[in-house]
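To start, the structure itself, in structure tokens.
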Amino acid sequence: MVRPRAPVDSIARRGLQWGCWFCKLANGYRGSPAGDVPGKRVRAAGRRSPQCEPPAAPLYRAGTEGNGMENDSLERLRHSAAHVMAQAVQELFPEAKLAIGPPIQDGFYYDFEVARPFTPEDLARIEERMRAIIAEDHPITRSEMSREEAIRFFEERQQPYKVELIREIPEETVSLYAQDSFIDLCRGPHLDSTGEIKAVKLLSVAGAYWRGNEKNQMLQRIYGTAWPSTEDLDAYLANLAERERRDHRRLGKELDLYSIHEEAGAGLIFWHPKGAMVRHLIEQFWKEEHLKRGYQFLYTPHIASEELFRISGHLEQYAESMYGPLDIEGQRYRLKPMNCPGHIMIYKTHLRSYRDLPLRYAELGTVYRFERSGTLTGMLRVRGFTQDDAHIFCTPEQLVGEVVGVLDFVDFVMRRFGYTYKAYLATRPEKSIGSDAVWEHATRSLVEAMESRGLNYEVDPGGGVFYGPKIDIKLYDALGREWQGPTVQADANLPERFDVTYVGPDGNEHRAVMIHRVVLGSMERFVGGLIEHYAGAFPLWLAPVQAILLPIAERHGDYAHQVAAALRAAGLRVEVDDRSEKTGFKIREAQLQKIPYMLVMGDREVEQGSVSVRSRDAGDLGAMSVEGFLSKAQAEIAAA
RNA sequence: GCCGACGUAGCUCAGUGGCCAGAGCAGCGCAUUCGUAAUGCGCGGGUCAAGGGUUCGACUCCCUUCGUCGGCUCCA
């Protein structure tokens, strides 16, 4: 319930997975056996190490900076909290089988196999029991066992997941951590005693497949959070509340931006006038900036014969994300899941010379991709969306320079919206097409481009698309959350499949290289993210209504409409609220609608030909002339 | 898709195995013409997601479907 919906994306999640992988490796040790085992027995069985430190625990860290995981002491705290939770569960549900329980960003979780899913009441009981365990301040001790010993140990305790984990641990010795009557397979490190956990709270329960594989048993995962002090916990909970306040689904409704309809189908966005205005403004900006950078615009069809997607390889590689065929006069058509094949069609309408390259084709292309019902989320995860897609056709020699150009563009756009970002290099995935040499060249070019810009990056192994490696940019919003951002993909495979060529200076045909890139991503997701980033308070240049005019009494209505006309003529988006309501009420409503400026006008203003300006953020700014307000607004827009 | 929770007026929510299902906000009408976050009074509005079933009787119990939310998985 309170659990934050992570806006995060692949990398972050993949990061998490790496974490899990390391945990697993380490940690086969992580689960925990039944609580009926006295710690002494273990001690007898294993050698007790002097302190609660693993001998030389390699540092593992999941994910990236800013995800809260770099703080080892927090990790330790949360890891121990997970153990305490497991102990509580074990005591309250003795038949529970323990799986894994790692620390994660902002908290921890533990997976259990239980006969009946946990209820909110169960969570309350578990939490209560945890508090008792913490209050009792049990020392946490580390011990070791041989693999065989450990396997026997957990088999006796009927902990099959632990046994499975241990079997995969290469080392001959595994470590265990114990507190009170509870002992768990775990690499550690941990706190010295349960009493060091100062603030803990369980947040939610959810189903989770054993090892994330849907072919496996579904376990019950309890998420919790733990902090060094109650102040920290409170701050975190306040942050959660803030995220909820900013949730684009809530604001989308309150600000009348978009809707989704059961009658129309899940994952399909209907843009209301105000949402459409925001999108329009972004698109306008997008178009202007593309023209400045030598892009040309295209429009391509939403459906195409299957043949096109057979050639492109989508049918083969991407079928599970595509909708089924449409029968059109006996021919099979498909909704397009990507825009690239269409752009290639246009490229191929002429013989292209090296003198023509690079060709930069851009389209706000609407694509449809199948997403499983359980994954749909507001505007962030939908089934039909418009990508700000572009394909750059160039020579292999131009590749690096073009990628640099895209990275510059990305930087410019992200600054405009106030996002900071971080780059990842996603390398060849298992399911992919093309030769090693081609992948190698493409990957090297991306690296070169990033290095020439001095852009730091991390590697995301196997994170590339089936046709080529990519640079993924992750954005960080006003709350420091990570979002999926721009991507740049180098592709030598589609050009091959479609035989995309140009005539070189030597008069021979050469294979063109293609760059796929999006800057905003999908308009749906980008706007959804922006809503949360700005908490619905769009900057002046993006605000669907920039100013609302508030005549105090009926007799000021004419003047208000006059001023409104003047402001509109100057290009501002303004409305007049001439209802017979009190000014305080109108202000309240305008404020709730997050309209940047409210222009109050009564007898004084009419007489002086002025407006009294109230800012959404700063309150009453006092009176100024209409022209004064106009130039102030225009300056603010220009400064964006 | 899977696990769990949920789906009552435009919105946010309350509600009981059986008179005509409620509140606040919004809407409409009337009055008010009021200077920086809610003027007053009145009125209208719901096939209680949809479809089946159990029952003398269901919004309330069961099943199915659709959708939403939190996760798993995947991606823009």
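Chain letters run A, B, ... following the sequence lines, proteins first and then strands; every chain starts at 1. Computed from heavy atoms alone, side chains included, the values below leave out hydrogens, waters and symmetry copies.
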Next on the checklist: Under 4.0 Å, counting only non-hydrogen atoms across every strand here, what does Gly207(A) touch: a base, just sugar-phosphate, or nothing?
Outcome noted: base

Next on the checklist: What contact category does Gly622(A) fall into here, base, sugar-phosphate, or nothing, at under 4.0 angstrom with non-hydrogen atoms?
Outcome noted: nothing

Item to check | Thr583(A) or Trp210(A), whichever maps to the more 5' nucleotide of RNA chain B | outcome: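 In this pair, the answer is Thr583(A).
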
Next on the checklist: Pick the closest RNA chain B nucleotide for His261(A) and for Ala206(A) by heavy atoms, then say which residue is nearer the 5' end.
Outcome noted: His261(A)

Checklist entry - Is it true that Glu458(A) and Lys422(A) make a salt bridge, defined as a side-chain N closer than 4.0 Å to a carboxylate O? => result yes

Item to check | Pairing of Glu214(A) and Arg372(A) as salt bridge, 4.0 angstrom limit | outcome: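 Answer for the salt bridge query: yes.
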
Nearest-angstrom distance from the residue atom [atom1] of [X] to [atom2] of [N]:
{"X": "Asp577(A)", "N": "G35(B)", "atom1": "CG", "atom2": "C1'", "answer": "14 Å"}
{"X": "Gln591(A)", "N": "A38(B)", "atom1": "CD", "atom2": "P", "answer": "11 Å"}
{"X": "Glu262(A)", "N": "G10(B)", "atom1": "CD", "atom2": "C1'", "answer": "16 Å"}

Rounded distance in Å between the [atom1] positions of [N] and [M]:
{"N": "A5(B)", "M": "U65(B)", "atom1": "P", "result": "16 Å"}
{"N": "C2(B)", "M": "U73(B)", "atom1": "C1'", "result": "9 Å"}
{"N": "C19(B)", "M": "G57(B)", "atom1": "C1'", "result": "13 Å"}
{"N": "G22(B)", "M": "C69(B)", "atom1": "P", "result": "31 Å"}
{"N": "C43(B)", "M": "C3(B)", "atom1": "C1'", "result": "47 Å"}

Looking at [N], does its base get a donor-acceptor pair with the side chain of [X] below 3.5 Å?
{"X": "Gln593(A)", "N": "A37(B)", "result": "no"}
{"X": "Ser612(A)", "N": "G35(B)", "result": "yes"}
{"X": "Arg525(A)", "N": "A76(B)", "result": "no"}
{"X": "Glu605(A)", "N": "G35(B)", "result": "yes"}
{"X": "Tyr209(A)", "N": "G1(B)", "result": "yes"}

Checklist entry - Just wondering, do Ile471(A) and Val403(A) contact through their side chains at under 4.5 Å, heavy atoms? => result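 Heavy-atom side-chain distance check passes, below 4.5 Å.
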
Checklist entry - Just checking, is any N or O donor in the side chain of Ser625(A) or Ser610(A) under 3.5 Å from an acceptor N or O on the other one? => result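 Short answer, no.
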
Checklist entry - With a 3.5 Å cut-off and no angle check, do the side chains of Trp210(A) and Glu113(A) form a donor-acceptor pair? => result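 Not at all, the side chains of Trp210(A) and Glu113(A) share no donor-acceptor pair under 3.5 Å.
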
For [N], does either OP1 or OP2 sit under 4.0 Å from a side-chain N or O belonging to [X]?
{"X": "Arg249(A)", "N": "G67(B)", "answer": "no"}
{"X": "Lys470(A)", "N": "A76(B)", "answer": "yes"}
{"X": "Ser580(A)", "N": "U32(B)", "answer": "no"}
{"X": "Arg614(A)", "N": "A37(B)", "answer": "yes"}
{"X": "Tyr109(A)", "N": "G70(B)", "answer": "no"}
{"X": "Lys582(A)", "N": "G40(B)", "answer": "no"}
{"X": "Arg369(A)", "N": "C74(B)", "answer": "no"}

Next on the checklist: Ring centres within less than 5.5 Å and planes less than 30° apart: is that true of Phe385(A) and A76(B) in this structure?
Outcome noted: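 Stacking between Phe385(A) and A76(B): present.
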
Checklist entry - Is the cationic atom of Arg334(A) (NZ for Lys, CZ for Arg) positioned less than 6.0 Å from the six-membered ring centroid of Phe309(A) and within 45 degrees of its normal? => result no

Next on the checklist: Could you spell out the base pairing of RNA chain B as a dot-bracket line? Use Watson-Crick and G-U wobble contacts where both distances are under 3.5 Å, [ ] for crossing pairs, | for partners on a different strand.
Outcome noted: (((((((..((((........)))).(((((.......))))).....(((((.......))))))))))))....

Item to check | Passing option when Asp389(A) is tested against Leu298(A), Thr300(A), Val518(A) for side chain to side chain contact (heavy atoms under 4.5 Å, CB included) | outcome: Val518(A)

Checklist outcome for this item: When Glu320(A), Glu316(A), His314(A) are each screened for side chain to side chain contact (heavy atoms under 4.5 Å, CB included) with Tyr318(A), the one that passes is His314(A)

Checklist entry - Do the ring centers of Tyr419(A) and His533(A) come within less than 6.0 Å of each other? => result yes

